[in-house]
Amino acid sequence: MGQKVNPHGMRVGVIKDWDSRWFTSKQAFGDTLVEDHKIRKTLKKQLYAAGVPKIEIERTVDSQTGAPRVKVNVFCAKPGIVIGKGGAEIEKLQAQVSKMIGKPVALSIVEVRTPDTNAQLVAENIASQLERRIGFRRAMKNSIGRAMRMGAKGIKVMCGGRLGGAEIARSEC
């Protein structure tokens with residue numbers, strides 16, 4: 001298998017910003033990275049229905065008390081699902097994450113204005129349609145049409161696996 005590099009890594013610092021913004025010592029780096037991964041994994045799993053393409057984590061130290069502060073920005077297509085009635089759901093999530101990592105967490109929700117032009121949300125939408133037994137060609141064509149109508153300059157979609165229940169796996173573009 002060839003050595004493939006994730007294109008996100010090439011774009012960070014040029015046209016994309018970091019998903020985690022913090023600095024720490026060599027000894028604490030691994031633990032902090034694992035904490036970030038746990039936060040992302042649990043939030044993504046719980047808020048799958050809200051359409052979460054990206055979670056940004058910012059860590060700072062309070063200048064007066066010296067206590068660590070963690071700020072989590074959750075980008076989502078349906079913020080109403082995350083916030084809940086009167087902000088009840090967001091309070092629960094905040095308490096759960098702060099209990100999980102043992103530090104105070106400030107959770108903020110950012111709405112994704114055009115979910116049909118976000119690659120992650122388009123891919124998750126096609127995957128959920130395939131899970132609901134909708135034809136793969138129809139799912140791909142509908143997503144392409146919606147993205148182009150919303151102002152995308154271009155879109156490329158590829159589905160792979162045992163498409164249409166076939167015995168041999170293949171990929172369709």
Side-chain angles (χ1 to χ4, degrees), residues 1-2 4-21 33 36-58 71-94 96-97 100 105-173:
M1 186 120 181
K4 292 170 182 67
V5 178
N6 193 323
H8 188 268
M10 299 289 199
R11 295 176 180 133
V12 167
V14 183
I15 58 171
K16 288 193 178 192
D17 203 12
W18 283 260
D19 288 337
S20 293
R21 287 188 289 277
L33 202 61
D36 279 10
H37 181 69
K38 276 184 189 173
I39 291 170
R40 282 198 178 90
K41 198 166 83 176
T42 55
L43 287 179
K44 184 85 171 154
K45 189 176 178 182
Q46 285 183 338
L47 305 175
Y48 185 78
V52 178
K54 181 166 81 167
I55 297 171
E56 286 183 351
I57 300 171
E58 227 175 284
K71 185 180 178 198
V72 180
N73 295 333
V74 179
F75 291 80
C76 60
K78 301 172 190 167
I81 294 174
V82 180
I83 296 167
K85 287 198 182 202
E89 290 296 316
I90 199 168
E91 294 291 330
K92 277 188 211 170
L93 282 172
Q94 203 165 338
Q96 178 188 357
V97 172
M100 186 174 62
V105 174
L107 203 67
S108 63
I109 309 303
V110 182
E111 183 184 7
V112 176
R113 294 272 178 219
T114 54
D116 289 325
T117 59
N118 187 302
Q120 180 72 32
L121 293 177
V122 170
E124 286 177 9
N125 181 24
I126 292 172
S128 69
Q129 287 182 38
L130 293 176
E131 287 169 2
R132 292 194 312 261
R133 314 286 271 152
I134 292 172
F136 67 95
R137 283 194 187 93
R138 170 184 263 182
M140 291 191 321
K141 281 183 181 172
N142 285 346
S143 294
I144 290 169
R146 272 200 310 278
M148 295 304 283
R149 274 196 304 277
M150 291 303 291
K153 293 184 179 170
I155 181 170
K156 188 192 283 188
V157 179
M158 179 185 226
C159 275
R162 294 181 50 189
L163 301 173
E167 296 225 359
I168 297 174
R170 66 181 198 279
S171 60
E172 291 270 331
C173 297

Distance-only side-chain donor-acceptor flag, R40 / S20, under 3.5 Å: yes
K44 side-chain N/O to V52 backbone N/O, donor-acceptor pair under 3.5 Å: yes
Approximate separation, where rounding is to 0.5 Å, of L107 CG and I90 CD1: 5.0 Å
Interatomic spacing from OG1 in T117 to NZ in K153 - rounded to 0.5 Å: 12.0 Å
R137 with E172: basic N within carboxylate O range, under 4.0 Å: yes
Main-chain N/O of A166 paired to R162 side chain as donor or acceptor, under 3.5 Å: yes
Closest non-hydrogen atom pair, L163 against R170: O-NH1, 3.5 Å
Donor-acceptor pair, side chain of R133 and main chain of L130, under 3.5 angstrom: no
Identified side-chain contact (heavy atoms from CB on, under 4.5 Å) counterpart of I109 within the set L47, I83, L93: I83
NE2-CD1 distance between H37 and I57, expressed to the nearest 0.5 angstrom: 10.5 Å
Pairwise distance CD1(I155) to CE(M140) - rounded to 0.5 angstrom: 10.5 Å
Under 3.5 Å: donor-acceptor pair, side chain of E56, backbone of V72: no
